[in-house]
Novice: 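Questions regarding the structure given below will be posed in turn.
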Amino acid sequence: MPIVINLDVILAKRKMRSKELAEIINITTANLSILKSGKAKAIRFSTLNAICKALECQPADIIEYIED
Amino acid sequence: MKKIFILKTIVDILWIISWPLILIALCIVPYLFINDDFSSIPINIRGNTILHFNLLSKIILSIMTISILLLLYSLYLFKRVLLLFMRRKIFDNIVLTNLNKIGVLLTFFSIINIICSFIYNINFGKIEFEISINPLVSTLCLGLFFMVLSEIFKIARDQKEENDLTI
């Protein structure tokens with residue numbers, strides 16, 4: 001899929017673990033793992049909003065389009 | 001989900017009762033071709049007692065008897081589907097496949113029986129017009145419904161998968 005999720009990069013920059021982020025944004029670690037691995041089919045705006053707020057970043061920092 | 005337990009029980013009872021039918025069906029076909037005299041065993045096709053036992057009527061009877069096996073197999077598949085529903089495996093691949101198979105079997109059963117009854121009535125019986133709901137046509141509709149249901153379950157499964165992978 002051309003949409004790449006760079007959540008790992010941002011988490012490393014903010015020195016935060018996946019588990020911590022999952023607790024802050026109130027989703028399960030399993031769902032966060034699905035998002036990180038690129039298996040997710042869609043992301044809700046509310047979830048994106050919560051991630052950006054928690055990591056103090058922009059959506060473009062997390063979601064990137066790379067042509068095949 | 002009490003309704004499903006009641007339905008499963010009824011289907012299980014029907015399945016147990018149908019076992020002798022399977023044996024009778026398997027025995028009756030060779031008996032039809034060996035024996036010529038059936039005056040002691042009255043055989044009916046849709047309310048009409050069969051009086052003529054030539055090769056054509058024997059073939060028609062054999063085909064109709066074998067078609068009962070299709071019906072019984074669809075009953076077995078329905079039993080398996082209900083078992084999966086009870087285990088909450090609603091969108092399993094086996095459910096989708098079995099629903100489609102049930103539909104195909106019921107459709108074939110009704111088409112075969114409609115054609116056989118019609119051919120028998122043309123050759124040996126009488127053509128009558130009746131204002132009622134033909135049970136075989138109802139079975140045909142039920143078969144088509146099961147096939148449509150299989151397609152709908154497939155759409156539902158895809159939508160569920162998409163929903164599950166929406167974070």
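Protein chains get the first letters and strands the later ones, always in sequence-line order, with residue 1 at the start of each. If you're wondering where the values come from, they're calculated on a predicted model, not measured in any experiment. What's counted below: heavy atoms across the whole structure, side chains too, no hydrogens, waters or symmetry copies.
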Novice: I need the contact set between residues 148-158 of chain B and chain A: heavy-atom distance under 4.5 Å, sorted by residue number.
Specialist: none
Novice: Can you hop from B:Ile94 to B:Tyr76 via hydrophobic side chains spaced under 4.5 Å?
Specialist: yes
Novice: Decide if atom CZ of A:Arg14 counts as having more than 12 heavy atoms of other residues, nucleotides or ligands within a radius under 6.0 Å.
Specialist: yes
Novice: Among the options A:Asn31, A:Leu35, A:Leu32, pick out the one with the most heavy-atom pairs lying under 4.5 Å from chain B.
Specialist: A:Asn31
Novice: Taking 4.5 Å as the heavy-atom cut-off, does anything in residues 50-57 of chain A contact chain B, and if so which residues?
Specialist: none
Novice: By side chain to side chain donor-acceptor pair (under 3.5 Å), which residues pair with A:Ser33, not counting sequence neighbours?
Specialist: none
Novice: Testing the basics here: between B:Asn163 and A:Arg44, what is the closest heavy-atom pair and its distance to 0.1 Å?
Specialist: OD1-NH2, 4.0 Å
Novice: Transitively linked via ILVMFWY side-chain contacts under 4.5 Å: B:Ile114 with B:Leu69?
Specialist: yes
Novice: Could you list which of residues 96-112 of chain B have a heavy atom closer than 4.5 Å to any heavy atom of chain A, in residue-number order?
Specialist: none
Novice: Hey, any chance B:Ile6 and B:Val11 share a hydrophobic cluster, counting ILVMFWY side chains that come within less than 4.5 Å of each other, even indirectly?
Specialist: yes
Novice: For B:Thr166 and A:Ile43: C-alpha separation, side-chain torsions, deciding distance, then whether side chain to side chain contact (heavy atoms under 4.5 Å, CB included) applies.
Specialist: CA-CA 5 Å; B:Thr166 297; A:Ile43 183 167; over 6 Å; no
Novice: Counting only heavy atoms not in A:Lys13, do more than 12 fall under 6.0 Å of its NZ?
Specialist: no
Novice: How close do B:Ile167 and A:Ile27 get, heavy atom to heavy atom, and via which atoms?
Specialist: CG2-CD1, 3.9 Å
Novice: Same cluster for A:Val9 and A:Ile62 if Ile/Leu/Val/Met/Phe/Trp/Tyr side chains link at under 4.5 Å?
Specialist: no
Novice: Is it possible for you to say whether B:Leu75 and B:Leu83 belong to one hydrophobic cluster, with membership spreading through side-chain heavy-atom contacts below 4.5 Å?
Specialist: no
